[in-house]
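Not measured: the values here are computed from a predicted model. Order of the sequence lines fixes the chain letters, A, B, ..., with proteins taken first and strands second; residue numbering starts at 1 for each chain. Basis for what follows: all heavy atoms, side chains included, without hydrogens, waters or symmetry-related copies.
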Protein chains: 2
Amino acid sequence: MPTPEPADERAWLAAYDPRAFPPIAVTADVVALTLRAGALHVLLVERGAPPYRGRLALPGGFLRAGQEDPAAAAARELAEETGLAELPRVHLQQLGSYGAPDRDPRMHVLSVAHLAFAPDLPDPQAGTDAAAAAWHPVDTLDPGTLAFDHARILADALDRARAELENTPLATAFLPADFTVPELRAVYEAVWGEPLHPGNFHRKVLSVPGFLEPTGATTERGGTRGGPRARRYRPGPATRLHPPLLRPAPGPARTTPPTAPTGLPSTP
Amino acid sequence: MPTPEPADERAWLAAYDPRAFPPIAVTADVVALTLRAGALHVLLVERGAPPYRGRLALPGGFLRAGQEDPAAAAARELAEETGLAELPRVHLQQLGSYGAPDRDPRMHVLSVAHLAFAPDLPDPQAGTDAAAAAWHPVDTLDPGTLAFDHARILADALDRARAELENTPLATAFLPADFTVPELRAVYEAVWGEPLHPGNFHRKVLSVPGFLEPTGATTERGGTRGGPRARRYRPGPATRLHPPLLRPAPGPARTTPPTAPTGLPSTP
DNA sequence: TAAATAGTGTCTATAAGACATTATCCA
DNA sequence: TGGATAATGTCTTATAGACACTATTTA
């Protein structure tokens, strides 16, 4: 710790007693993504109090100091907003923290943003705390309507999700405990926003060791418009995909992605 | 940003009055990595006050509430600890936040960890605030000696750095403004901890569009043990490497990496 | 029966890795 | 002159993607 200068007395004191510092509030926010009818949806709440009253925002709330870490707070907030007492098969991971001093007009608030992926979740229950929450399709959503810097957080979350689909078995988090290869392909197509070659995708996902394990069962019926029954699989033990499932090249030479390279805020 | 409604100020102020909640302190910590004599080093400080007095820790400090975001605080702390008034060519990015309630015995402290990469930096100046700071080789460092949960943060940082080398031009952040391909290879070998094939590496990095740009110049002298002069390059405009520079396969089928897939803490 | 789809086969261009070769420079 | 090294070339194997094809099921 730096030696104090006279002008820095308060900082010096705080180095030994953090309680002497002016407070910063800490929240846990959640970008909850799910697939509904083949389209990617995000859970948003309508704010009932200022600031940004009436605007859409990511679900979230303040950490219970001394009681929970950010991940636990995010899980709690998600359960409250969806009205689900228990969160089945929800994959939760940290996205990053957003702490610009003026991002909340009330005071300095640092938000630890999380990503949550889940299979098709029901609509939030009416008549509960979650009454103001609803699933919104991400591709028809106007980012300008979001409160605070939540448009930026959502954009980073989508970037992160798209990137993780390449290197981790994350896509299985959008599906029930067992699923078919075409269903898995639908996840990739919905998140990446582009069609994939059915045949090549099929061969490729099955060639990644530890990604999928056959259950031995097949679907009860064929596709709604015909076709044979598909084999069912469950997620394998792999936590990284080797080799990765790379996205189709977005162009001859893409050199400038829309946001930060890692999906996290960075400074030069 | 729309302005908040000047509604019932006391109502929401009371709801969010920091004194109504047990406070959470926010720090910005930095995992600063540099290459010295071909080996990866991390900047650590010896703590001069409890808790963990005398133990090694990552440099960091409390955020100035209402004045700076985590990235700015991290840059400030790094400058203070290295004794450098200015940080030349330092690449700073957020790693993730660590907020377990008991990670600091004094109170609930949330740490926003950052990664900093820089070319060979000088030793911290004696006689300054940075007197207690020093560079430590990461491969001979005993993680058990680190204070708080900094061993975990360091491990996550190294995982992140190793992964980013595959997909981003991050390696150039360890080198001066212009460099040679063998120097770049030395960065990859030091961070990944394994030798790379010189010929194949050379051809591969030059094949990635936007990664390297020739300056037209060469080194003044050949290698210390002979060999021709090497051509010099500067970083190109690419922010993502297409195709990525994948690490040599760590084994026939690695299914369980040491920590979280993304280098960020996650919960099931 | 017609259409759609699961799953497999085949071919080609490209890339990765092992290895060899040449040219250049230091001691 | 010998040894080390930058840079390039060659060869083999693996992979990605385009496309074709068969089998199965629904309407």
Looking only at non-hydrogen atoms, find the nearest pair between B:Pro235 and B:Thr172 and report the distance. CG-CB, 3.9 Å
Carboxylate-amine/guanidinium contact A:Arg229 A:Glu220, below 4.0 Å: no
Got a second to check how far B:Leu40's CG is from B:Leu35's CG, nearest 0.5 Å? 6.0 Å
Ion pair check, A:Asp178 and A:Arg231, cut-off under 4.0 Å: no
Nearest 0.5 Å please: distance from the OG1 atom of A:Thr219 over to the CZ atom of A:Arg221. 9.5 Å
In residues 169-187 of chain B, which ones come under 4.0 Å of DNA chain D, going by heavy atoms? B:Pro182, B:Arg185
Determine the interplanar angle of the B:Phe117 and B:His91 rings, folded into 0 to 90°, and report it as parallel if under 30°, tilted if 30 to 60°, perpendicular if over 60°. tilted
Between B:Arg152 and B:Asp149, is there a salt bridge with N-O shorter than 4.0 Å? no
Where the side chain of A:Arg221 is defined as all heavy atoms beyond and including C-beta, which of D:dA4, D:dA27, D:dA7 is the nearest nucleotide? D:dA27
What is the separation between atom CG on A:Leu196 and atom P on C:dG7, rounded to the nearest whole Å? 16 Å
Least distance between heavy atoms, B:Gly38 atom then B:Ala190 atom: O-CB, 3.5 Å
Whole Å only: how far is the CZ atom of A:Phe201 from the P atom of C:dT5? 16 Å
d(CD, B:Glu189; P, D:dT5) in whole Å: 11 Å
Assess the pair B:Phe201 and B:Tyr188: is the distance between their ring centroids shorter than 6.0 Å? yes
Using OP1 and OP2 only, check whether a side-chain N or O of B:Arg225 sits under 4.0 Å from D:dT5. yes
I'd like to know if the side chain of A:Tyr98 pairs up with that of A:Asp29 as donor and acceptor (distance under 3.5 Å, no hydrogens or angles considered). no
What are the two closest non-hydrogen atoms of B:Ala28 and B:Pro70, and how far apart are they? CB-O, 3.7 Å
Think A:His202 has a side-chain N or O under 4.0 angstrom from the OP1 or OP2 of C:dA6? no
Please write out the pairs of protein N or O atoms and N or O atoms of nucleotides 12-17 of chain C separated by less than 3.5 Å, giving the distance to one decimal.
| from | atom 1 | to | atom 2 | distance (Å) |
| --- | --- | --- | --- | --- |
| C:dA16 | OP1 | B:Lys204 | NZ | 3.1 |

Nearest-Å distance, CD (A:Glu220) to P (D:dT24)? 18 Å
Between the protein and nucleotides 22-24 of chain C, are there any N/O to N/O pairs under 3.5 Å, and if so, what are the atom names and distances?
| from | atom 1 | to | atom 2 | distance (Å) |
| --- | --- | --- | --- | --- |
| C:dT24 | O2 | B:Pro228 | N | 3.1 |

What nucleotide, of D:dA4, C:dG7, D:dT8, holds the atom closest to the side chain of B:Leu206? D:dT8
